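All ligand and atom numbering here is 1-based and tracks the order in the structure. Quantities reported herein were computed from a predicted structural model and do not represent experimental measurements.
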Amino acid sequence: MIKIVLIGIQGSGKSTQGNLLSEKLGIPYLSSGHILRNMAKEKTRWGRYVKETLNAGILISDGKMTPIMEEYLKKPEYENGWILDGYPRTLKQGKDFKEKIDLVIYIKVSDEKALGRLNLRSEHREDDTTEAIKKRIESFHTLTEPIIDYYRKKGILIEIDGERTIEEIHKNILERLNNG
Ligand code: AMP
C-alpha cells in the first residue's frame with residue numbers, strides 16, 4: 001500500500017504521469033481538479049462558486065478543499081492506497097490533511113516550458129484561458145512552493161526533471177520509487 005502525492009505546475013505533465021503510475025502500481029489516481037470541474041457543472045450556489053473560481057484561475061478555499069478530498073478518500077476503492085494529483089496544494093492544506101503520505105513526487109518544469117506545452121495542446125478546457133493559466137502559475141509559486149519545502153524537510157519529497165519525454169519521466173519515477 002502506498003500513498004503518493006503529485007505536485008507540479010499546470011503543463012508539467014503530472015496528470016499523464018499520475019495515470020501511467022496508477023496503471024503500473026495498480027492503485028487509483030484521483031485529481032482534485034477533475035472533482036472540481038464536475039462540481040462546476042452543478043446548478044447550485046456551490047457549483048457556480050466553483051465554476052467562477054476555476055475560470056479565474058484562483059484556488060478554492062482551503063477550508064472547503066480538505067473535507068472534499070477526505071470524503072472522497074473514504075470510498076472503498078482508495079482503501080489500498082492512492083495517487084493524488086492537485087491536492088494538497090497549499091501549506092494549510094498540507095497541514096490540515098490527516099492522511100499519512102508516503103511519497104511526494106514533484107515534477108519540475110520551467111514556467112516557459114509549461115506555457116509552451118499548454119499552447120500546443122489541441123484540446124483546451126473551458127477554464128484554460130491565458131489569463132487563468134498565468135494566474136495558476138503565479139499561485140503555484142506563491143502558494144504551492146512552500147508546501148514543497150515542507151515535504152522536503154519531512155524527507156518524503158522526490159524531485160523529477162519534467163523537461164523530458166513522457167516515457168523518460170515515467171521510467172525515472174519508477175527508478176526513484178524502487179530505490180527509495
Ligand atoms: P488542476 O486540474 O489541478 O489544474 O486544477 C484546476 C483548478 O481547480 C485550479 O486552478 C483550482 O482553481 C482548482 N483546484 C484544484 N485543486 C485545488 C486545491 N487543492 N485547492 C484549491 N483549488 C484547487
Side-chain angles (χ1 to χ4, degrees), residues 3-22 28-42 44-75 78 82-99 101 103-111 113-151 157 160 162 166 169:
K3 294 177 173 176
I4 298 175
V5 166
L6 290 168
I7 298 186
I9 47 176
Q10 192 183 3
S12 64
K14 72 184 153 59
S15 63
T16 306
Q17 294 301 331
N19 282 298
L20 284 173
L21 199 57
S22 161
Y29 162 86
L30 183 65
S31 143
S32 56
H34 182 79
I35 295 174
L36 291 168
R37 278 191 290 280
N38 278 330
M39 288 178 158
K41 293 179 194 152
E42 293 169 14
T44 57
R45 226 179 110 171
W46 167 249
R48 282 190 296 276
Y49 159 74
V50 173
K51 185 174 180 183
E52 280 166 23
T53 309
L54 262 63
N55 287 350
I58 53 177
L59 296 184
I60 298 291
S61 70
D62 292 329
K64 296 271 187 231
M65 225 35 237
T66 296
I68 292 174
M69 298 310 290
E70 290 188 334
E71 205 45 48
Y72 255 86
L73 294 174
K74 277 188 200 152
K75 295 186 186 183
Y78 299 109
W82 34 253
I83 299 169
L84 278 188
D85 170 0
Y87 177 91
R89 209 187 187 98
T90 65
L91 196 52
K92 173 99 174 72
Q93 290 177 11
K95 290 184 174 171
D96 287 346
F97 191 40
K98 292 288 167 275
E99 295 274 351
I101 300 165
L103 201 67
V104 177
I105 302 174
Y106 170 31
I107 304 183
K108 246 175 136 167
V109 161
S110 69
D111 294 0
K113 182 87 178 174
L115 277 168
R117 282 184 184 168
L118 293 169
N119 283 332
L120 288 176
R121 263 190 199 172
S122 52
E123 274 178 42
H124 280 275
R125 290 189 332 230
E126 187 195 340
D127 56 313
D128 270 353
T129 58
T130 311
E131 222 23 63
I133 291 171
K134 280 195 184 142
K135 271 256 172 302
R136 282 191 207 113
I137 290 183
E138 195 183 297
S139 75
F140 183 86
H141 293 305
T142 54
L143 300 170
T144 307
E145 270 170 10
I147 199 181
I148 295 175
D149 219 43
Y150 172 74
Y151 290 133
L157 186 83
I160 297 284
I166 291 173
I169 299 168

Note to self: I'd like the name of whichever of M69, R89, M65, E52 reaches closest to atom 5 (O) of ligand 1 through any heavy atom.
What the structure shows: R89
Next item on the list: Under 4.0 Å from a heavy atom of G86: give me the atoms of ligand 1 that qualify, with their elements.
Entry: 16 (N), 17 (C), 18 (C), 19 (N)
Next item on the list: Validate the cation-pi geometry between K74 and Y72: distance from NZ or CZ to the six-membered ring centre under 6.0 Å, angle to the ring axis within 45°.
Entry: no
Item checked: Under 4.0 Å to a heavy atom of Q93 - the qualifying atoms of ligand 1, by number -> 18 (C), 19 (N), 20 (N), 21 (C)
Notebook entry, point to check: Could an N or O of ligand 1 be found under 3.5 Å from any N or O of S32, whether backbone or side chain?
Noted result: yes
Note to self: Salt bridge or not between D127 and K135? Use side-chain N to carboxylate O under 4.0 Å.
What the structure shows: no
Next item on the list: Check whether the side chains of H34 and D85 place a donor and an acceptor atom closer than 3.5 Å, and report yes or no.
Entry: no
Checklist line | Residue Y87 vicinity, atoms of ligand 1 by number, heavy atom under 4.0 Å | finding: 19 (N)
Note to self: Strictly below 4.0 Å, N to O, side chains only: are D62 and K95 in salt-bridge contact?
What the structure shows: no
Checklist line | Heavy-atom nearest option to atom 2 (O) of ligand 1, drawn from H34, R37, K135 | finding: R37
Note to self: So for ligand 1, is R136 a polar contact partner (N or O within less than 3.5 Å, distance only)?
What the structure shows: yes
Next item on the list: For ligand 1, note which part of L36 has a heavy atom under 4.0 Å away: side chain, backbone, both or neither.
Entry: side chain
Next item on the list: May I ask you to check whether Y87 and F97 place their ring centres under 6.0 Å from each other?
Entry: yes
Next item on the list: May I ask you to identify the nearest protein heavy atom to atom 7 (C) of ligand 1, giving residue, atom name and distance to one decimal place in Å?
Entry: L54 CG, 3.9 Å
Item checked: Option of least heavy-atom distance to atom 12 (O) of ligand 1 (set: I58, T144, I60, D62) -> I58
Item checked: Point-to-point distance, once rounded to the nearest 0.5 Å, from OG1 of T66 to CD1 of I60 -> 12.5 Å
Next item on the list: Please determine if K98 and E70 form a salt bridge, counting it only when a charged side-chain N lies under 4.0 Å from a carboxylate O.
Entry: no
